[in-house]
Amino acid sequence: MATYNRTGNRRYEERRRQQLRKQKKRKRKIAVFFTEVMILAVVLIGIYVISLIGKINFKKFSEKDAGINKDIADESMETMKGYQNIALFGLDNRSAGNYTGGNSDTIMIASINHDTKEVKLVSVFRDTVLHIGDGKYKKANSAFSNGGAQQAVAMLNSNLDLNITDYLCVDWAALVEVIDDLGGLELNVTAEEVGLLNTYLRDVDNVTGKDTSHLSGSGVMHLDGTQAVCYARIRKTAGDDFLRTSRQRIVLQAMLDKVKTADVATLLSICNDTFDDIATSLSLKQLLSLAKNASAFQITASTGFPFTVATPRLDGLGSVVVPCTLETNVSKLHEFLFGEEGYHVSASVSSTNNAIINMSGIRSEEDAMDISRYNNTIGADGTYFKDQPVQ
């Protein structure tokens, strides 16, 4: 009996050892499998990131190239360093992905406080007379056609005492793709706006190759990418270009709201579709970081610039927007963006201010028209919001 027990125990122990060896082999195979999967995932992500980098039309500017005024007060430069200020340019050049020229009919500044996640938007009116470089005083939107993104950024910095080195350029095609990937936008459109919107559809379709349906009716409507871009182009209503900039900010706000609730697949689709249609100084890491934090960002204030304007006709330029005065408006801008009360402009801006006064004859706010009703678009889904018109 004892011999049997010893023999049985040995057999049992041998079977147990065999089972343990098999289990260890299975665990090793599973571990190897998951390791291979992880390596494959990392490789695929790497390939994807590299492909995105190859798509981006990327160019970074130094502070010198960006035209930052050297005579801005040190304390003001320190204050601005607490914000990421990005210039946004929308080109109307009747082509897709071409950022070598054309007027930037949309000029915005997005100022981001990364500590509070607050974003402030400023639309610079395209017809504003400013120094665009090389001793020329022309409409702000012509800076891009004269020297691309670099000259357009330098125009903003040199005239407004800003420190912008980051920019993002888009055209109709890029915006259409982003909005379509987001599933379109819900906007409150008036009957007048619907009629004008429909007249622009062919222009945008000729660039994108789409065949977009006309809208009918009015009120809160679902707009696809083409229709939303056409809405942002409208300026032949009361309010002219001042109200058009309101529409542009309303569209941008609606896009951010959709991005906040977008899933990863949608965001990846946007990256794939648009990275070859934009030009920017932002690295892929910065772009992905902005996308990652989009749900936390909140647009807390918006305005048009200049705050006080006159609209004379000037020889060689036609109808223009003249700041009343540039010094006064730049001081208000720094208070709006950075909370700097009583900001004293640099000598560079003072010199530009005097040149614009001599050129236009506009010397004070007494010559200004009231455009304040076009500025605040926060919470608006159209030019009429809660029965109160923006216009």
Side-chain angles (χ1 to χ4, degrees), residues 88-99 102-108 121 123-127 141 144-145 168-259 269-270 273-274 277-278 299 302 304 374 377 380-385 389-391:
L88 309 175
F89 301 110
L91 267 63
D92 178 1
N93 54 18
R94 300 303 197 274
S95 61
N98 174 19
Y99 296 106
N103 289 334
S104 53
D105 281 353
T106 299
I107 306 171
M108 285 193 200
L121 292 179
S123 297
V124 178
F125 303 129
R126 65 171 194 164
D127 292 332
N141 68 339
F144 203 105
S145 62
L168 177 67
C169 304
V170 298
D171 55 20
W172 294 348
L175 280 177
V176 168
E177 286 185 310
V178 173
I179 295 170
D180 280 342
D181 285 341
L182 289 171
L185 305 176
E186 306 295 326
L187 298 178
N188 193 344
V189 189
T190 68
E192 182 184 20
E193 289 170 334
V194 167
L196 291 166
L197 180 161
N198 287 333
T199 65
Y200 297 137
L201 291 175
R202 181 176 294 181
D203 283 346
V204 179
D205 280 346
N206 284 341
V207 172
T208 62
K210 296 180 180 290
D211 184 14
T212 308
S213 300
H214 280 214
L215 283 179
S216 60
S218 61
V220 177
M221 308 179 73
H222 181 82
L223 276 61
D224 66 16
T226 306
Q227 293 161 345
V229 168
C230 291
Y231 170 82
R233 293 186 61 204
I234 297 171
R235 66 183 177 92
K236 294 182 179 179
T237 62
D240 301 311
D241 191 52
F242 304 123
L243 189 56
R244 176 165 70 168
T245 64
S246 296
R247 294 187 183 97
Q248 292 167 353
R249 295 194 300 278
I250 287 167
V251 167
L252 188 58
Q253 290 164 187
M255 291 172 65
L256 180 58
D257 288 342
K258 293 295 287 284
V259 167
S269 179
I270 291 172
D273 290 343
T274 61
D277 287 335
I278 65 173
I299 299 175
S302 75
Y374 307 119
T377 57
D381 63 355
T383 53
Y384 283 82
F385 177 60
V390 173
Q391 60 184 3

Checklist entry - Quick one: does Ser104's side chain get under 4.5 Å of Asn141's, heavy atoms only? => result yes

Next on the checklist: The criterion is side-chain hydrogen bond (donor to acceptor under 3.5 Å, both in side chains); which residues satisfy it with Asp127, sequence neighbours excluded?
Outcome noted: none

Next on the checklist: Under the ring-ring contact (aromatic ring centres under 6.0 Å, His included) definition, can you give me all pairs with a residue in residues 228-251, not counting sequence neighbours?
Outcome noted: Phe125-Phe242

Checklist entry - Rounded to the nearest 0.5 Å, how far apart are CZ of Arg202 and CG of Asp211? => result 10.0 Å

Next on the checklist: Restricting to side chain to side chain contact (heavy atoms under 4.5 Å, CB included), what partner residues turn up for Thr106, sequence neighbours left out?
Outcome noted: Met108, Gln248

Item to check | Pairing residues for Asp181 by the side chain to side chain contact (heavy atoms under 4.5 Å, CB included) criterion, not counting sequence neighbours | outcome: Ser269, Ile270, Asp273

Checklist outcome for this item: Rounding to 0.5 Å, atoms CD1 (Ile278) and CD (Glu177) come to a distance of 11.0 Å

Item to check | Gap between atom SG of Cys230 and atom CG of Asp203 - 0.5 Å precision | outcome: 7.5 Å

Item to check | Main-chain N/O of Tyr374 paired with Ser246 side-chain donor or acceptor, under 3.5 Å | outcome: yes

Checklist entry - Can you pull the salt bridge (charged side-chain N to carboxylate O under 4.0 Å, His left out) pairs that have at least one residue in residues 236-245, sequence neighbours excluded? => result Asp241-Arg244

Next on the checklist: Determine whether Glu192 and Ile234 satisfy the following criterion, side-chain contact (heavy atoms from CB on, under 4.5 Å), listing intermediate values before the conclusion.
Outcome noted: CA-CA 10 Å; Glu192 182 184 20; Ile234 297 171; over 6 Å; no

Checklist outcome for this item: Closest non-hydrogen atoms of Leu187 and Ile250, given as atom of the first, atom of the second and distance, are CD2-CG2, 4.0 Å

Item to check | Single hit among Val229, Leu185, Leu256 for side chain to side chain contact (heavy atoms under 4.5 Å, CB included) with Val251 | outcome: Leu185

Next on the checklist: To check you understand the geometry: which heavy-atom pair defines the closest contact between Ser218 and Ala191, and what is its length?
Outcome noted: CB-N, 3.5 Å

Item to check | Residue pairs, two or more places apart or on separate chains, that pass side chain to side chain donor-acceptor pair (under 3.5 Å) and touch residues 250-259 | outcome: Gln253-Thr377

Next on the checklist: If we ignore hydrogens and angles and just use 3.5 Å, is the side chain of Asn103 paired with the main-chain N or O of Ser145 as donor and acceptor?
Outcome noted: no

Item to check | Gap between atom CZ of Phe89 and atom CG of Leu168 - 0.5 Å precision | outcome: 10.0 Å

Next on the checklist: List the residues meeting side chain to side chain contact (heavy atoms under 4.5 Å, CB included) with Thr208, not counting sequence neighbours, and say none if there are none.
Outcome noted: Ala173, Val176, Val204, Asp205, Lys210

Next on the checklist: Could you walk me through whether Arg247 and Thr237 satisfy the side-chain contact (heavy atoms from CB on, under 4.5 Å) test, starting with their C-alpha distance in whole Å, then the side-chain angles of each, then the deciding distance to 0.1 Å, before giving a yes or no?
Outcome noted: CA-CA 12 Å; Arg247 294 187 183 97; Thr237 62; 3.0 Å; yes

Could you give the side-chain donor-acceptor pairs of residues 220-228 under 3.5 Å, partners two or more places apart or in another chain?
residue, atom, partner, partner atom, Å
His222, ND1, Glu186, OE2, 2.6
His222, NE2, Gly183, O, 3.1
Asp224, OD1, Thr226, N, 3.2
Asp224, OD1, Gln227, N, 2.9
Thr226, OG1, Thr212, OG1, 3.3
Gln227, OE1, Asp224, N, 2.9
Gln227, NE2, Ser213, O, 3.0

Next on the checklist: Suppose the criterion is ring-ring contact (aromatic ring centres under 6.0 Å, His included): which pairs have a residue in residues 173-220, not counting sequence neighbours?
Outcome noted: none

